[in-house]
Amino acid sequence: MNHLPISLFLANIEGAPGASGFFAQLLVIFLAAAFTDNILLTRFLGMCSFLAISRHMATSFGLGLAVVFVTTCTAAINYLVHTYLTKPFGLEFLEYIIFIVVIAAFVQLVEMIIERYSPPLYYTLGIFLPLITVNCAILGVSLFMLTREGYGFAQSLVFGAGSGLGWLVAIVLMAGIRERIREDKVPVGLRGAGITLIVTGILAMGFVGFSAMISF
Amino acid sequence: MVAFRQTIGGKALIGNLWRDNPVFRQVLGVCSTLAVTNLMKNTVLMCLGLLFTVAFSNLTVSLLRNHIPRQVRMMVQVLIIASYVIVVDIALRAYFPDVHGLIGPYVGLIITNCIIMGRCEAFASQNPPWASFLDGVGAGVGYSLVLILIALVREPLGFGTLFGMDLPGVDLWWHQWTIMVMPPGAFFMLALVAWIGVATSRSDNDNREGEAK
């Protein structure tokens with residue numbers, strides 16, 4: 001980990017390094033994943049559902065929540081699968097298949113549990129859960145997690161949660177903007193995806209601009 | 001040629017190239033379109049990988065279409081696609097390790113690339129193998145056209161190079177636009193290409209444009 005302003009700042013607040021250094025590292029991973037290294041705005045993951053769903057605020061928020069929950073849990077599960085199953089047995093080439101099956105199975109399981117125990121939550125989140133299996137942000141979080149050196153279980157969990165939160169923030173911001181510009185006059189060819197991409201580009205400039213502050 | 005254009009496969013192949021282009025008409029597969037297009041070399045390899053995957057997944061799904069139970073068809077399709085992606089991944093790792101280091105995770109993400117799922121579900125699960133294969137090739141080439149168009153602008157403007165080679169005299173008069181190779185540049189370029197694409201192509205279902213916003 002580089003010695004960067006925010007981590008030094010945190011280390012100073014917390015006093016001596018050691019245990020607090022661990023939590024400072026987790027906080028840096030979380031903030032970086034959520035904001036400066038935003039999975040949607042800088043890694044372009046989950047664009048398809050982002051473009052399709054971000055028309056309305058309420059649905060965007062519901063889908064965003066479901067994404068946060070699923071990325072956090074699948075990042076943790078896939079970390080365990082990678083560390084204890086595929087790596088020791090040299091089965092890394094099967095990881096794509098195993099990860100996608102884990103994600104599909106987890107989403108199915110969550111859907112069944114929520115439907116059984118919390119019908120109101122099921123009606124809020126339920127319709128979005130099947131969509132999530134094919135949301136590339138979920139598989140992307142698991143794949144990017146493995147490219148990071150030295151991530152343990154806690155780091156992977158926090159990375160998953162931060163990435164999910166970043167996606168939620170991006171889609172909610174976009175939904176707010178799209179609700180505002182709905183009545184505006186836009187050239188015919190840019191309607192729909194075109195203007196949304198331009199606005200996303202401007203949003204991305206805002207997020208990328210802070211990338212020198214937090215890094216890891 | 002005229003006879004070929006009348007067949008199901010020929011129609012699908014040609015339609016997918018520009019008129020019903022998967023990227024700007026159907027707005028699918030946008031993630032990798034944005035992510036890999038800052039270098040021409042990465043773009044071309046990604047396009048080849050996707051072309052291979054979509055064509056052969058379509059063929060396989062079509063061959064098996066009468067044997068897959070409807071309830072589990074999505075899962076089976078994902079597994080078929082994932083198998084081809086593993087082939088692409090291993091090939092890339094073996095022959096272009098430097099490129100694999102840069103775009104590795106995005107190669108894995110071909111599995112969830114909605115173009116492939118979309119073609120398998122919408123076309124290959126109902127049509128004969130040869131037509132499905134051609135449909136896949138059409139979708140892959142249509143996707144490649146858009147990516148190459150974007151990379152052709154982003155790499156020269158952002159790095160002053162093409163395929164990693166300096167353009168002649170570029171240092172003398174060109175100040176590189178770093179933003180073109182950063183994420184925002186990708187969004188702006190795709191929006192521009194989508195604008196040009198939508199303006200120059202006329203789709204059969206143009207009437208849905210009114211509500212899409």
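Because only heavy atoms are used, hydrogens play no part in the values below, and waters and symmetry mates are left out as well, while side chains stay in. To find a chain, count down the sequence lines: A is the first, B the second, and so on, and within it residues start at 1. This one's a predicted model, so the numbers in the text were calculated from it and none came from an experiment.
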Below 4.5 Å from any heavy atom of chain B, which atoms of [X] appear? Answer side chain, backbone, both or neither.
| X | value |
| --- | --- |
| A/Ile198 | both |
| A/Ile138 | neither |
| A/Thr42 | both |

Closest approach of [X] to [Y] (non-hydrogen atoms, all atoms of both residues):
| X | Y | result |
| --- | --- | --- |
| A/Cys48 | B/Cys114 | SG-SG, 2.6 Å |
| B/Cys31 | A/Cys136 | SG-SG, 2.9 Å |
| A/Gly194 | B/Ala191 | O-CB, 3.5 Å |
| A/Tyr96 | B/Asp89 | OH-OD1, 3.1 Å |

Heavy atoms, side chains only, cut-off 4.5 Å: are [X] and [Y] in contact?
| X | Y | result |
| --- | --- | --- |
| A/Val188 | B/Val198 | no |
| A/Met205 | B/Phe187 | no |
| A/Arg43 | B/Tyr106 | yes |

So which of [options] has the biggest tally of heavy-atom pairs under 4.5 Å with chain A?
| options | answer |
| --- | --- |
| B/Ala194, B/Gly108, B/Ala199 | B/Gly108 |
| B/Val85, B/Leu79, B/Ile111 | B/Ile111 |
| B/Pro105, B/Ala82, B/Ser83, B/Gly101 | B/Pro105 |

Under 4.5 Å, counting heavy-atom pairs only, tell me which of [options] racks up the most with chain B.
| options | result |
| --- | --- |
| A/Leu51, A/Leu45, A/Val199 | A/Leu45 |
| A/Leu146, A/Ile100, A/Leu40 | A/Ile100 |
| A/Leu143, A/Thr200, A/Leu190, A/Leu203 | A/Leu190 |

Heavy-atom neighbours of B/Ile8 CD1 exceed 12 at 6.0 Å: no

Test log, rule side chain to side chain contact (heavy atoms under 4.5 Å, CB included), inputs B/Trp195 and A/Arg191: CA-CA 9 Å; B/Trp195 192 0; A/Arg191 277 188 203 147; over 6 Å; no

Residue B/Ile179 versus chain A: region with a heavy atom under 4.5 Å: side chain

Structural part of B/Met75 lying under 4.5 Å from a heavy atom of chain A: side chain

Residue pair B/Leu190, A/Phe44: steps toward the side chain to side chain contact (heavy atoms under 4.5 Å, CB included) verdict: CA-CA 12 Å; B/Leu190 180 60; A/Phe44 317 109; over 6 Å; no

Approximate separation, where rounding is to 0.5 Å, of B/Leu109 CG and A/Ser142 OG: 10.0 Å

Residues of residues 32-40 of chain B contacting chain A, heavy-atom criterion under 4.5 Å, by residue number: B/Leu34, B/Ala35

